2 protein chains.
Amino acid sequence: MKLSEAKHQFISSWGAYGSNWGINRTMAQIHALLLISPMPITQDDIMEELNVSRGNVNMNIRELINWGLVQRVIVPGERKEFFSAEKDIWRVVTQIMKERKKRELEPMLKLMDTLEAVEGDKKDKHVKAFVDTVSNIKKTGRHADKMLDTLIRAEESWFISALTKIIK
Amino acid sequence: MKLSEAKHQFISSWGAYGSNWGINRTMAQIHALLLISPMPITQDDIMEELNVSRGNVNMNIRELINWGLVQRVIVPGERKEFFSAEKDIWRVVTQIMKERKKRELEPMLKLMDTLEAVEGDKKDKHVKAFVDTVSNIKKTGRHADKMLDTLIRAEESWFISALTKIIK
DNA sequence: CCGTATTTTCAAAATGTTTTGAAAGTACAA
DNA sequence: TTGTACTTTCAAAACATTTTGAAAATACGG
């Protein structure tokens, strides 16, 4: 397979996977393009490579920066802004976990605290089922939260080998 | 807070969280409703509770069954079908991980194998950057795959306590 | 079997999301 | 300060997904 074809497939698949994760196609494609770029590139490069409008590139780059996956790079002597992505995929993964934990898991656990305090007779099966579900979500959520903290902090190889050892 | 209000909030938030995960609002809301229902319920119950059409309920229930999160239940003496959800949230989580691993991670790793075999001079920085990224994704993906297998197999409490021990 | 209750399908409508592109805003060099 | 290169914004258009509802299919009791 030729490089150009392989690149194309990579970008297009990365875009498709993104949509299963609440990420829009263009954003995922920009990320893919940056991942395989040996040097930082500009908005114009991205526009040309992916055939999308300036506004679209601008919005999605900004969002990638919010997620901590892409950085603005100053190239001396150049007036344009350049962009580059974190290349270590494990760090990409932990960065995403960190953000999603903050944006989704933590607020959800807060909500569950509120909902757990529902009024009503705990012997009523509807009340009981509700409270049980909410408590169970809290419990599982807290566990997930701890696990994610551990994962995020741990060095990859270290973690895997430790994990594999205790599992064996 | 009254039960009805709490239920309403629970269902609506669960629906909102779903959309960050590539799951549509109604599907997530049906799941939420089933989670807090003490008894199996029918399509008509769901239609009424969530104010959605029959077709919509039918499609999304089927999808939840595909994901292994909901089951059809036969109630003796009743002609209608009833539905109930897995209530143990940890099992819900592992079930989702299992499915996503199969549907997304495994195919992605297959694709990376293909892409890694790209032609071209490895000294060309574009070729090198591409191959490096693909290899890195493969490596990280395989690790994630192993970790997920472990998590899916492990009993929750067992796993957490072992994990916390080695981390300390 | 037949009639009715129930489930499923699917094209069209409604709704939601993404993309465009041109105008406004900014920042830099001279 | 001014002109120009560049970035950002955002309303409207394009596109994609979800929802509806009625018709078709199916299953079930008698």
Side-chain angles (χ1 to χ4, degrees), chain A residues 11-34 39-67 70-84 103, chain B residues 11-34 39-67 70-85 103-104:
Chain A
I11 290 171
S12 126
S13 316
W14 206 253
Y17 290 128
S19 37
N20 295 132
W21 291 89
I23 287 163
N24 81 53
R25 211 177 77 252
T26 306
M27 182 169 153
Q29 288 187 349
I30 293 175
H31 186 224
L33 178 60
L34 287 168
M39 307 291 293
I41 61 180
T42 64
Q43 288 202 1
D44 293 82
D45 296 332
I46 298 171
M47 284 168 64
E48 187 172 348
E49 196 84 29
L50 304 181
N51 281 295
V52 291
S53 73
R54 184 173 300 285
N56 197 1
V57 170
N58 192 275
M59 267 187 59
N60 284 300
I61 273 275
R62 202 140 29 84
E63 194 59 14
L64 284 166
I65 293 173
N66 280 342
W67 275 88
V70 166
Q71 287 184 310
R72 255 172 245 274
V73 175
I74 307 289
V75 174
E78 289 276 7
R79 193 145 157 192
K80 286 186 182 175
E81 291 178 333
F82 286 71
F83 300 93
S84 78
R103 297 178 190 199
Chain B
I11 290 171
S12 126
S13 317
W14 206 253
Y17 290 128
S19 35
N20 294 132
W21 290 89
I23 286 162
N24 81 53
R25 211 178 77 251
T26 305
M27 185 168 149
Q29 289 187 348
I30 293 175
H31 187 223
L33 178 60
L34 287 169
M39 306 291 294
I41 61 180
T42 65
Q43 288 202 0
D44 293 82
D45 296 333
I46 298 170
M47 285 168 63
E48 187 172 348
E49 197 83 30
L50 304 181
N51 282 296
V52 291
S53 72
R54 184 174 301 285
N56 197 359
V57 171
N58 192 275
M59 268 186 59
N60 284 300
I61 274 275
R62 200 140 30 84
E63 194 59 12
L64 284 166
I65 293 174
N66 279 343
W67 276 88
V70 166
Q71 287 184 311
R72 255 172 246 273
V73 174
I74 306 290
V75 174
E78 290 277 6
R79 192 146 158 191
K80 286 185 181 175
E81 290 178 332
F82 286 71
F83 300 93
S84 79
R103 296 178 192 200
E104 296 165 38

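Every heavy atom of this structure was used, including side-chain atoms; hydrogens, water molecules and symmetry mates were not. Numbered from 1 within each chain, the chains take letters A, B, ... in sequence-line order. If you're wondering where the values come from, they're calculated on a predicted model, not measured in any experiment.
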* **Separation of C:dA24 P from A:N58 CG (nearest whole Å)** => 17 Å

* **Rounded distance in Å - CG (B:D45) to P (C:dT7)** => 11 Å

* Structure fact -> CD (A:E49) and CG (A:L33) are apart, to the nearest 0.5 Å, by 5.5 Å

* Gap separating the CZ atom of B:R72 from the CZ atom of B:R62, nearest 0.5 angstrom -> 8.0 Å

* C:dT6 P sits how many Å from B:F83 CZ, rounded? -> 13 Å

* Start with the C-alpha distance between B:E63 and B:N66, add both sets of side-chain angles, then the distance that settles side chain to side chain contact (heavy atoms under 4.5 Å, CB included), and finish with yes or no. => CA-CA 5 Å; B:E63 194 59 12; B:N66 279 343; 3.4 Å; yes

* Should A:L34 and A:I61 be marked as a side chain to side chain contact (heavy atoms under 4.5 Å, CB included) after you check the CA-CA gap, both sets of side-chain angles, and the distance that decides it? -> CA-CA 10 Å; A:L34 287 168; A:I61 273 275; 4.2 Å; yes

* To do: Could you tell me the separation between the CG atom of A:D44 and the P atom of D:dT8, rounded to a whole number of Å?
  => 12 Å

* Rounded to the nearest 0.5 Å, how far apart are OG1 of A:T26 and CD of A:Q29? -> 6.0 Å

* Taking atom CE of A:M27 and atom CH2 of A:W21, what is their separation to the nearest 0.5 Å? -> 14.0 Å

* Structure fact -> Per-nt protein contacts along nucleotides 14-21 of chain D (heavy atom under 4.0 Å; B base, S backbone sugar-phosphate only, - none) come out as ----SSBB

* To do: Can you sort out which residues in residues 13-21 of chain A have a heavy atom within less than 4.0 Å of DNA chain D? Ascending by number, please.
  => none

* **Enclosure of A:M47 CE (heavy-atom neighbours >12, cutoff 6.0 Å)** => yes

* Are the side chain of A:N58 and the backbone of A:R54 linked by a donor-acceptor contact shorter than 3.5 Å? -> no

* Would you check, one step at a time, whether the test side chain to side chain contact (heavy atoms under 4.5 Å, CB included) holds for B:I65 with B:F83? => CA-CA 9 Å; B:I65 293 174; B:F83 300 93; 4.0 Å; yes

* Rounded to whole angstroms, how far apart are CD1 on A:I65 and P on D:dT7? -> 11 Å

* **Under 4.0 Å protein heavy-atom contacts per nucleotide of nucleotides 25-30 of chain C, with B for base, S for backbone only and - for none** => --BB--

* Asked: Do A:V52 and A:N60 pass the side chain to side chain contact (heavy atoms under 4.5 Å, CB included) test, and can you show the C-alpha distance, the side-chain angles, and the key distance before you say yes or no?
  -> CA-CA 11 Å; A:V52 291; A:N60 284 300; over 6 Å; no

* Asked: Rounded to the nearest 0.5 Å, what separation is found between the NE2 atom of B:H31 and the CD1 atom of B:I23?
  -> 8.5 Å

* In whole angstrom, what separates A:Q43's CD from D:dC6's P? -> 11 Å

* D:dC6 C1' sits how many Å from A:R72 CZ, rounded? -> 12 Å

* Rounded off to whole Å, could you give me the CZ-to-C1' distance for the B:R62 and C:dT6 pair? => 14 Å

